[in-house]
Amino acid sequence: MDTGILILRLLVGLLVAGHGVQKVSSHLGGKGLEGGAEEFRADGFRGGVLTALAAGGGQIGSGLLFAAGFLTPLAATGVIGVMTVALTVKWRHGLWVQNDGYEYPLVLVGTAAALAATGPGAWSLDAVLGLTPYPLWWAALALAAGLGSGLLTRLVLHRPAPAARTDALGGR
């Protein structure tokens with residue numbers, strides 16, 4: 001069981017961290033910080049460079065903590081938060097990824113929540129430092145805080161779609 005948890009933690013954590021690296025640099029196929037800022041602007045978010053830095057930094061930090069199995073509930077909260085924002089961006093396209101849907105962010109949210117519930121396994125920094133097992137309520141807290149922070153980020157930083165303008169005669 002510990003081997004499976006380790007593989008899952010490394011896969012998800014390193015992918016999330018790599019996604020963050022792409023937002024803030026030209027490494028791993030990223031388009032640099034300006035490219036990350038443009039991606040957020042195109043998705044309707046305020047903040048440009050600061051938003052890209054915050055998102056990229058959050059993904060790198062939570063992904064690396066998750067991969068290492070260190071402070072696992074906190075790491076899961078970060079992964080759930082950033083992937084909830086991604087889910088809200090993809091929501092209008094439906095579930096399936098082939099239609100640019102939210103399938104992949106949903107899988108990452110579910111994986112982070114599940115690993116917060118099971119714990120990081122014996123091959124983790126949490127286990128080495130004697131921080132495990134975490135009580136199950138930590139998983140519920142990680143899920144609630146992650147979803148809440150992601151939805152709050154969307155609410156605060158997303159610009160509403162421009163309203164249709166009408167002329168004096170009521171036409172468009």
| When you look at L64 and L14, which way does the side-chain contact (heavy atoms from CB on, under 4.5 Å) test go after all the steps? | CA-CA 6 Å; L64 291 177; L14 293 176; 4.3 Å; yes
| Should the pair Y102 and W91 be assigned to parallel (<30°), tilted (30 to 60°) or perpendicular (>60°) ring geometry? | parallel
| field | Flag, side chain of S25 to backbone of Q22, donor-acceptor distance under 3.5 Å | value | no
| note | What one should report as the nearest heavy-atom pair of A52 and A37 is CB-N, 3.6 Å
| remark: Correct closest heavy-atom pair for A113 and A139 would be O-CB, 4.4 Å
| task | Please check if V82 and V109 belong to a single hydrophobic cluster, counting links between Ile, Leu, Val, Met, Phe, Trp and Tyr side chain heavy atoms closer than 4.5 Å. | result | yes
| query | For T77 and A145, which heavy atoms make the closest approach, and how far apart are they? | reply | CG2-CB, 3.8 Å
| message | To the nearest 0.5 Å, what is the distance between CD on E39 and CZ on F45? | response | 10.0 Å
| Side-chain heavy atoms of L131 within contact of L71, under 4.5 Å | yes
| Should Y134 and L141 count as side-chain neighbours, where that means a heavy-atom distance under 4.5 Å? | no
| said: Walk me through whether R159 and R41 qualify under side-chain contact (heavy atoms from CB on, under 4.5 Å). | reply: CA-CA 9 Å; R159 285 179 254 140; R41 284 192 290 271; 4.0 Å; yes
| request: Report yes if some heavy atom in the side chain of R9 is under 4.5 Å from a heavy atom in the side chain of F66; otherwise report no. | output: yes
| request: Report yes if some heavy atom in the side chain of T72 is under 4.5 Å from a heavy atom in the side chain of W138; otherwise report no. | output: no
| note | Shortest non-hydrogen pair, T132 vs A127, comes out as OG1-CA, 3.6 Å
| message | Under a 3.5 Å distance rule, please check whether R46 uses its side chain to pair with a backbone N or O of V156 as donor and acceptor. | response | yes
| Pair L106-L95, side-chain contact (heavy atoms from CB on, under 4.5 Å): steps then yes or no | CA-CA 9 Å; L106 180 62; L95 175 63; 4.1 Å; yes
| message | Let me confirm one number: the CG-CG distance from L115 to L8, rounded to the nearest 0.5 Å. | response | 4.5 Å
| note | Smallest heavy-atom separation, S124 atom then G121 atom, equals OG-O, 2.8 Å
| task | Take H158 and V89 through the test side-chain contact (heavy atoms from CB on, under 4.5 Å) and record every step on the way to the result. | result | CA-CA 10 Å; H158 197 263; V89 170; 5.8 Å; no
| task | Kindly compute the distance separating CD1 (I7) from CG (L11), expressed to the nearest 0.5 Å. | result | 9.5 Å
| query | Quick one: does E103's side chain get under 4.5 Å of Q98's, heavy atoms only? | reply | yes
| request: Might you point out which heavy atoms bring L108 and V79 nearest each other, and give the distance in Å? | output: O-CG1, 4.1 Å
